[in-house]
Amino acid sequence: MTRGPAIRVEGSARSEGAPLFAQLSLTLEGAGWTCLLGASGVGKSTILRLIAGLESHVTFDGAITAADGADLSGRIAYMAQSDLLMPWASVTENVCLGARLRGQTPDAARARDLIDRVGLTAHAHKRPGALSGGQRQRAALARTLMEDRPVILLDEPFSALDARTRSEMQELAVELLRGCTVLLVTHDPAEAARLGHAIFILEPSGLSEVTPPPAPVPRAIDDPDTLALQGALLRRLREGAA
Amino acid sequence: MTRGPAIRVEGSARSEGAPLFAQLSLTLEGAGWTCLLGASGVGKSTILRLIAGLESHVTFDGAITAADGADLSGRIAYMAQSDLLMPWASVTENVCLGARLRGQTPDAARARDLIDRVGLTAHAHKRPGALSGGQRQRAALARTLMEDRPVILLDEPFSALDARTRSEMQELAVELLRGCTVLLVTHDPAEAARLGHAIFILEPSGLSEVTPPPAPVPRAIDDPDTLALQGALLRRLREGAA
Amino acid sequence: MKLSHGLAATTFLLMIWQGIVSLTGVASFILPGPARVWTAFWENRGLIADHGLVTLTEVVLGLLIGGGLGVITALTLAISPAARVLLRPMLVFSQALPVFALAPILTLWLGYGLGSKVAMAVLIIYFPVTSAFFDGLMRVPPGYLDLARTMGATQRTILWRIQVPNALPSLGSGFKLAAVYAPIGAVIGEWVGSSQGLGYLMLLANGRAKTDLMFAAMLALGVMSVLLYVLADRVAQRLTARAS
Amino acid sequence: MKLSHGLAATTFLLMIWQGIVSLTGVASFILPGPARVWTAFWENRGLIADHGLVTLTEVVLGLLIGGGLGVITALTLAISPAARVLLRPMLVFSQALPVFALAPILTLWLGYGLGSKVAMAVLIIYFPVTSAFFDGLMRVPPGYLDLARTMGATQRTILWRIQVPNALPSLGSGFKLAAVYAPIGAVIGEWVGSSQGLGYLMLLANGRAKTDLMFAAMLALGVMSVLLYVLADRVAQRLTARAS
Amino acid sequence: ADKMTLLLDWFVNPNHGPIIIAEERGYFAEAGLEVEVIAPADPSAPPKLVAAGQGDLAVSYQAQTHLQVHEGLPLLRVGTLIATPLNCLLVLADGPIQSPADLKGGKIGFSVAGVEEALLRAVLGKYGVAFEDVDLVNVNFSLSPALMSGQVDAVIGAYRNFELNQMEIEGIAGNCIYIEEEGVPPHDELIYVAHAETMDRDKITRFLGAVEKATQYIVNHPDAAWEIFSGTAPELNDRLNSMAWEDTLPRFALRPAALDEGRYARFEAFLLESGLIDSLNPVADIAVDVTAQ
Ligand SMILES: Nc1ncnc2c1ncn2[C@@H]1O[C@H](COP(=O)(O)OP(=O)(O)OP(=O)(O)O)[C@@H](O)[C@H]1O
Ligand SMILES: Nc1ncnc2c1ncn2[C@@H]1O[C@H](COP(=O)(O)OP(=O)(O)OP(=O)(O)O)[C@@H](O)[C@H]1O
Ligand SMILES: [Mg+2]
Ligand SMILES: [Mg+2]
């Protein structure tokens, strides 16, 4: 796999006349995990959509560029906050959707393997309607991991998972996305502390960075440095803009 | 408000021939918060649906009874895992949906107040499609709180919220649901430790109880007892059935 | 639809039409060319306008009544399983009855005035509206119904607060179909007996082999249909926007 | 629909029919009662079966071809904005053309055989199928399209993998409408030129003042419509189940 | 004035000359009648409606009336509008069909009227062509286009005063084979029918008196009558109608109330012979002279 490029997001966004967030400058480390935290409704998902090149309700005044100078389109896999599973397709078919949409033959073995690793082998034939919330999220995760793109945008990909499954999925993602530039939106400070090579907190006034410990990701959950960072993040978030 | 009754769930569930969970006996403390944790797909949402008297994919072999002997139907407010906001209705209209569905005139002042307390005043006129994930969840929460029922079933009601908003919403729920029998399904051990008068972990083999500290809910997040319980829960969950 | 689109479509249509006439060399008493029809249209513009107005009245009344009845029927079907069992086959059956069999019955009851023509338009519009709206009413995401049930909803409030808003886009589709069928319905209604309306003019022209006048009247009818359709499409788009 | 439902509906229909006849005292040469029609039906069962078979053939062919063309047209419209601008008004226009105007053209090209009747059925079926399917194709949740775009989908694959499955329930609705219109389409085709089929039989019975035979033929047509509708409803339910 | 409802057989056309002239020249009013004229599109409906009590008179066809009486419709012919057949077997003048004998194995178009089989059996029979040797196709709305475009070899049910002129206008010469010259008993094309039991003889008598006057006027002043007729509606004033007017003039019944019983008896017998009916009705059940005391 090609190494994910660093990505620079610079600009401000206005929605219906009012500013959503002020001028910010966010750099996603090449081939690393950047975590984005922030209050609900502050614009995290919007930034993801902007990077993914999707239409959104804001007018973005600025530029989003990859460090290698090439266009970003076609190099991004995007996992939205809602799972966006196709209700008429089985888990397997959903996981293979990307290849099908590109007119390629999906790598069935790889799909099977991913479904197995997200723990859905027993449910592979089911439609999304017959899955639990967490199972749906894992199916969407498997679909995103199947994409094999250098830049990965994850919008709260683990929010519906129990602690154990969540850490397993985190580890799986880190393993499979090695070398990718990953932007992870999360509400869980522990998750950010565990996974982030860089951590940003988005506020209406702008972006602030919190430096994570140098240990490689995924960091041990009970590592004192990680715990300390988690506590610090939690405090930052709790105090917030209030 | 009438005090919520204690509720007893006793029985086992089979889905498509295979057992989903074995014989279990779950007692929801009257007028208290019971937290239900468990791996993704273990059947937590299914139990909620069973208590709510909704159709589900399982055949439940057992009984669900209120301690006061009366029928549960009409006494329950249910917040599902997906927000189920009506896409054609504004936030305000969604919050007032229950009254409208019962053919009553909604209490507009109360609705305004609730919308304010979940922080959506600026978004009250918007359709769900124009809300962020967390905003949608808060709208659904406000709708549930608007219901004024003695028994409340909450299926991961805070999963899409950032740490700060989450604790605010937890406090709001505890305040407004005082006297209600609440069953909260959650994946967040910290949440369970903070809110549970009783805490259960569901596993395919059955139910196990973890005793929370006696401090009144919502417990302080940094209370050592709470933290200890959180750690213990996390460990229990991580080890799990594996 | 923008004006430029309308122009493009019209040009395209005329080209195809002229193309068919030129290529197949079809006799003008079977299919007159655009120029001929236009001449007939222009020479008879007063006549066509007068008769067109009559048909338009029937169409509008038919759309209102037929649409209204369709909505009511769909709601009834949605509420009552018994109605579904009993009424639906009748609905389908009613569509299979050819006009000339019904014409004497209708005129017997409604006379030769506007009534029987509107009734015929209604009969034709009724079914697509009912069918589309009913399908929409029954296609509610089950989660919404679960929620409503726990909230203590009655069947009536579920209908009004959930099923109906959810079915509005489908109703829009139904009205789009109806807008297209309404003019033909009115024309068929005019067969029942009239001395006014585009249907009358067409039959008269046809009976007298004035093919160019017949096509001119048809042109007027077609334009009416397209305009109604565009209108219905706008409404449908608004309904769809409202519902999502 | 279950058998018992069918029986209930039939009984209800017969009751209403008999009720109208008894209450309004309408003359039997305008609306004969059920018993009379049944007698005519039974006495002419061979005739009705023969002609019915002809109509059924036309209907089935019409449904297949019209449905197929409708599906193709809807797909074309969904792919191409130019087609939307140019083709849609023509589609609408085509529905506004009274059959008898087209009849001479159709028979000139297709002769008096099966062809022109199938063409007529096709013309009538075509629009509801196209319209319903196209609406379904265009009503995709925008999130799906966003996802598809980031996945590098082409317009073609979006169409096949997302729009089409998403539109299947709408296609089902369209086919339900088509099933109801197909028999009437074939009958109109038969009016235009034929010496076989239920439409012809009805015209003949009408010409010979045999109202009871005409209604018997109509009964056969109605039953055919209901059966086709039930079939289409099954298919639609399956399509809807597939898509959710 | 007494109100009266008259249902025409089809839209107003020169065949209805006497009715329109009677109205326009005030003969109805003179007879103390206020006649509401209704023009339907389906010729089979008016007799049914009159039989059902909706309307006092209908313009219908003699041939169909025989059949309708057999099917139990309480109808009686009370007057005659067009006293000769209009129906003809129409072929192309310079086409291959020069005589009915050439139709063997050919295709004949018709617009369902119910009696075409009887008419064709008679005409073809005279030339030794079996009815089974021709192909009958219902072409409903487009008799002359079907013929002109060569899709059929002949059409039956075409009117000598219209279809022939239509073809002339299109520049194609037609040849009308007059059925009453080829074995079909002479009969009335258009007649007035009324309800057999509930009809008001007095009103009908006055009505027939008025149309009789109108017919006189038309025959005496054909051009003035045309001006009046064509002035009633803009769509009537055209070349085809003016040609048809001339051709129809000699065919209007000069004595609308008069009944030739033999004509009706012969046609009834003709229908029985052709198998369209299976018994003979007495003329009194089919037609009546309302002026007879
Ligand atoms: N409609 C259905 N048909 C068949 N199986 C279903 C259906 N709905 C849920 N299931 C299965 O039932 C099991 C329990 O589902 P449930 O939604 O109760 O899980 P959960 O504990 O709430 O999980 P999560 O934490 O992921 O929400 C899951 O394995 C799921 O796949
Ligand atoms: N389609 C839309 N039209 C108008 N406003 C919108 C629309 N979508 C989102 N918004 C608003 O834009 C803001 C940012 O939304 P966004 O989804 O980016 O938030 P977020 O940071 O992802 O929040 P969350 O953590 O709750 O998901 C919110 O206030 C939201 O209400
Ligand atoms: Mg978001
Ligand atoms: Mg769940």
Query raised in the report: Taking only heavy atoms into account, what residues of residues 225-239 of chain E are found under 4.5 Å from chain C?
Result: E/P234, E/E235, E/D238
Requested in this report: Quick one: list whatever passes side chain to side chain donor-acceptor pair (under 3.5 Å) with E/S144, sequence neighbours left out.
Outcome: E/Q166
**Report entry** Heavy-atom pair of closest approach, residues C/L204 and E/V12
**Finding:** CD1-O, 4.3 Å
**Report entry** E/M148, part contacting chain C, at a heavy-atom distance under 4.5 Å
**Finding:** both
Query raised in the report: Is chain C contacted by the side chain of E/V37, its backbone, both, or neither, given a heavy-atom distance below 4.5 Å?
Result: neither
Report summary line: Rounded to the nearest 0.5 angstrom, the CZ-CG distance for E/F11 and C/L201 is 9.5 Å
Query raised in the report: By side chain to side chain contact (heavy atoms under 4.5 Å, CB included), which residues pair with E/V50, not counting sequence neighbours?
Result: E/L7, E/A58, E/L75
Query raised in the report: Just wondering, more than 12 heavy atoms not from C/Q18 lying within 6.0 Å of its CD?
Result: yes
Requested in this report: Select all residues of residues 20-32 of chain C having any heavy atom within less than 4.5 Å of some heavy atom of chain E, and report them by number, or 'none'.
Outcome: C/S28, C/F29, C/I30
